[in-house]
Amino acid sequence: MDKVYEPQKYEDEIYKKWEESGFFNPDVCVEKGICKKDAKTFSIVLPPPNITDKLHLGHVVMVAITDILARFYRMKGRRVLWIPGTDHAALASQNVVEKKLLKEKNQTRHDLGRKKFLVEVWQFVNKTQATIIHQLKKTGASLDWSREAFTLDERRQEAVKGMFADMYNEGVIYRGYRIVNWCPRCHTTLSDDEVEHEEKDAKLYTFSYAKDFPFAISTTRPETKLGDTAIAVNPKDERYKKYVGKSYQVDFCGVPLTIKVITDNGVDIDFGTGALGVTPAHSMVDYEMAQKNGIEIKKIINEEGKLVGVGKFSGLSVTEAREAVLIDLDKRELLEKEEDIKNNLAVCSRCDTPIEPLPSKQWFVAVDKKLKRLGGKSLKDKAIEAAVSGKIKFVPERFTKRYLDWMKNLHDWCISRQIWFGHQIPVWYKGEDVFVGIEAPRGEGWEQDSDVLDTWFSSGMWTFSTLGYPDLKAGDLKSYHPTQLLETGYEIITLWVSRMVMMSLFALQEIPFKNVYLHGMVLDKNGKKMSKSKGNGIDPLEMIAKYGTDATRMSLIVGNTPGNDTRMSEEKIADFRNFANKLWNIARFVDSQKSVKSLKSVKPKTLSDKWVLARLNEIIKEVTENIEKFNFSLAGEQLRDFTWNELADWYLEISKIEKDKGEILNYILETILKLWHPFMPFVTETIWANMEHDMLMVSKWPTVIARSPQTTKQSSSLTAVSSFAIIQNIITSIRSLRADYKIDPAKKLGVAISAGKMVGLLMENVDVVKGLARLEDCSIERLAAKPVDSVGFVVDGVEVFVDLSGVVDLKKEKFRLQTEIAEVKKYADSLEKKLANKDFVSRAPASVVEAEKKKLVEARLKLEKLGEQLKSLK
RNA sequence: GGUCGCAUGGCUCAGCUGGUUAGAGCGUCGCAUUCACAUUGCGAAGGUCCCUGGUUCGAAUCCAGGUGCGACCACCA
């Protein structure tokens, strides 16, 4: 073994070894007897990275957390399935290719035509997909590559078509003419979640439609007012009461409008003039008002973002029209006011172009429709129920609320997109006839809908489209669905998590996953979002190349708690690189101690043995529990603390003196390698291989060693753990007294221990043990003034004794007091409750009530006393 | 506007259901060095646990209010 661990030398080889073993695939594990055929399953789908992405730190967090669980449960004998895949990211991918095309060949997708353009996209896809998969493998993810999926591969296409047809037949999918979010640049609809709001400076204009119109309105978008068909006022607004219900014919800058005055509670009396021009075709809110009041919908902006059907303004772009309208209004002296305000502008999340809401014929998923297969409930109802009932648990829990809030406000989901890359909608038209199905209908003249599906439609099916759906009898689907866990970022709850729940409920009447673990965002060391433009991003692959995968993963696990953002810096990664090296060197040392091969059990001989094995036991228990509870950071810290500060710093040092600890050292090393493996798979597997063992990845997870009968028989008040801890304390206290007494620093110092009757000599006349090595000063007399045969120090031939039983008694006493306090408190609380009960007080005889009151006062007094006693012990 | 989160040594954070002397890593300072490891070891300094009030024998922890950050959602045109 080299002096220093160089991850680059081993990682690729190790990953290859894992892959070739086939153990990432649970079927192989069953076949080879790694786990039982009927073992409990543990299944997870990898949130498929967009193929447009390069691997970023967020992905590594996701992989690291999931891989910990996958490896942990695999070692615990579960049938673990973790499915990899990638997402075609319809619109995002298309945009990237379009940009490239424009830059390289100065062409648009329309220049190429649909077919040729898609060839371009697929070329791009194949390349980037290979890249991201290669990168995923570099993270050490124990993914079952034999089941790799792509949201747009053949099997997923089949699944999506089947799902669409199924939903159409149930009436959940319908086609409707509705207001949608339209991106004039991408030339497609967007779902509500694909629209972002940016606060912008805007101007609020106040004007009247015409001279003869009785009052003015305020707007930031005068050009849309050409499409107004009503004015809404608050029903409580006295100023406008007399106009409500009336219709007016007006000439608005040369365009004739019919305006009806209606009321709506949503109108803010104090905003602007308190009168809102209603443009039903180009505002979601206005559309709803128009629906309620039976007002005409007049579309004046087309898909190109140009005005239509508005006389002289026709053909102008939105911004041009705004100018033109304002000039005209000014000319007519109708403009009353122009104010600066802050306004939330809706923009496309993909290209930042302002969104134009406009009416369009699109496909929708009805979220409120009651369905037979869901017991007369709607998708929305069931999706809410799943979280409320606790069937789906969020970690951290507070995100349940976010999920529910969003779900409750959910509108029908527009799923058609006017782009070319994606799942083409499986609907065919011929004249008035419509056919929905998986294959094109027979006969001539049918034409498929040219739109494609929102990318979240196919990724919403991810938990089951990867398991054999639409074949409901598929083995994988039966064994592994619902999945155990979804690990993802909290920013994606609405976009993805909610869709998965609804899709799964519809397709299988079953939730897609039992737990949702949400990690936070990875920020730079100043707490800023990492972004390409700022150049503050950390490239995980660079870090992996420089410090190793294990270190990179650990740095993202430790100090990272669910739902909270985490800061990242290169120094942190370097710290864990150092730790990996420490582990490596522990192994080298153990190796040098002529270790024996694998031992089932080990017998402690000295106090230090008992101590270290007892601590190891505790660590096994804590780490196991913490992984099960998703406390990865804590588990990692506990392990690191034990490995470095207890094992390496103390026990290894002691073993240099006490000697002959090869067996125990070997046993401890094997155990911690197993415990470390889910966190740092590469270095642990490498060390394991050096120890001439088979494969750590599929070894058995350690269990707590049963206490040997000898130890339990000892009724001594000192356990190995506490006595060792006390010794450490004593060493510290000796140091704290050194100012009072001087000892020749050249003289050697040793420690002998006889705690109770159970321990013999620990060390003698040595100067290398941690903490004792350079003890310059020591208070001999002060410690010797209390001669008790618990702990004895030998300092340069002089024996020193310390009263250990006293220390222990103090601890015991504290514990006893705390228990008593708890009991008394419980008693006092019950009395209080009784006395607060009106029934009791009125019915029971006065004497009894008095007696109870007295008891309560006494209990309170006692509590006070006990509390003081506890304090005095400190 | 609504909702949620955060505030602990110079920095980044732990601290579960209230009870050892409030912890860790990094950083700082001092010391060591042919020893498994300089990607090292030993040690030191450094904290009114944001403020105020309340509950309690006891509060970093629970409650209320305040202050300061941050995030998300939202149809104020």
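In what follows, every chain begins at residue 1, and chains take the letters A, B, ... in the order their sequences are listed.
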> Between A:Asp2 and A:Lys9, is there a side-chain N and carboxylate O pair less than 4.0 Å apart?
Replying inline: yes
> Does the side chain of A:Phe642 reach to within under 4.5 Å of the side chain of A:Leu639, using non-hydrogen atoms?
Replying inline: no
>> Is there a side chain to side chain donor-acceptor pair (under 3.5 Å) between A:Ser633 and A:Thr561? Walk through the geometry before answering.
In response: CA-CA 7 Å; A:Ser633 176; A:Thr561 44; over 6 Å; no
>> At 4.0 Å (heavy atoms only), tell me whether A:Arg577 reaches a base, stays on the sugar-phosphate, or touches nothing.
In response: base
>> Categorize A:Leu276 for me: base, sugar-phosphate, or nothing, with a 4.0 angstrom heavy-atom threshold over every strand shown.
In response: base
>> Please report the distance, rounded to the nearest Å, between CZ in A:Phe579 and C1' in B:rC37.
In response: 12 Å
>> Tell me if the side-chain of A:Lys582 makes a donor-acceptor pair with the base of B:rC37, cut-off 3.5 Å, by modelled atom types.
In response: yes
>> Parallel, tilted or perpendicular, judged at 30° and 60°: which one describes the rings of A:Tyr5 and A:Trp584?
In response: tilted
> Where does RNA chain B pair, written as one dot-bracket string 5' to 3', with Watson-Crick or G-U pairs under 3.5 Å, ( ) inside the strand, [ ] for crossing pairs and | for another strand?
Replying inline: (((((((..((((.....[...)))).(((((.......))))).....(((((..]....))))))))))))....
>> Please verify the inter-ring angle class for A:Tyr403 with A:Phe394; under 30° counts as parallel, over 60° as perpendicular, anything in between as tilted.
In response: tilted
> Which is true for A:Ala232 with a 4.0 Å heavy-atom rule: it touches a base, it touches only sugar-phosphate, or it touches nothing?
Replying inline: nothing
>> Please report whether the ring centroid of A:Tyr10 lies less than 6.0 Å from that of A:Phe682.
In response: no
> Could you give the CG-to-C1' distance, from A:Leu523 to B:rG70, as a whole number of Å?
Replying inline: 10 Å
> Base, backbone or nothing for each nucleotide of nucleotides 22-29 of chain B, written B, S, -, heavy atoms under 4.0 angstrom, 5' to 3'?
Replying inline: --SSS---
> Side chain of A:Ala648: nearest nucleotide among B:rC57, B:rA36, B:rC42?
Replying inline: B:rA36
> Base, sugar-phosphate, or nothing for A:Thr279, non-hydrogen atoms under 4.0 angstrom?
Replying inline: nothing
>> Please report the distance, rounded to the nearest Å, between NZ in A:Lys3 and C1' in B:rA36.
In response: 9 Å
>> Tell me the interatomic distance from A:Glu864, atom CD, to B:rC57, atom P, rounded to whole angstroms.
In response: 7 Å
>> Heavy atoms only, 4.0 Å cut-off, all strands: where does A:Asn631 land among base, sugar-phosphate and nothing?
In response: nothing
> From B:rU3, B:rA36, B:rU39, pick the nucleotide closest to the side chain of A:Lys401?
Replying inline: B:rU3
> Whole-Å distance between B:rC6 P and A:Tyr490 OH?
Replying inline: 13 Å
> Given B:rA71, B:rG41, B:rC75, which nucleotide is nearest the side-chain atoms of A:His197?
Replying inline: B:rC75
>> Heavy atoms only, 4.0 Å cut-off, all strands: where does A:Val267 land among base, sugar-phosphate and nothing?
In response: base
> What do you reckon, are the aromatic ring centroids of A:Tyr490 and A:Phe399 less than 6.0 Å apart?
Replying inline: yes
> In whole Å, what is the span from the CZ atom of A:Arg860 to the P atom of B:rG58?
Replying inline: 11 Å
>> Just to be sure I understand the rule, does A:Ile821 reach a base, reach only the sugar-phosphate, or reach nothing, if contact means heavy atoms closer than 4.0 Å?
In response: base
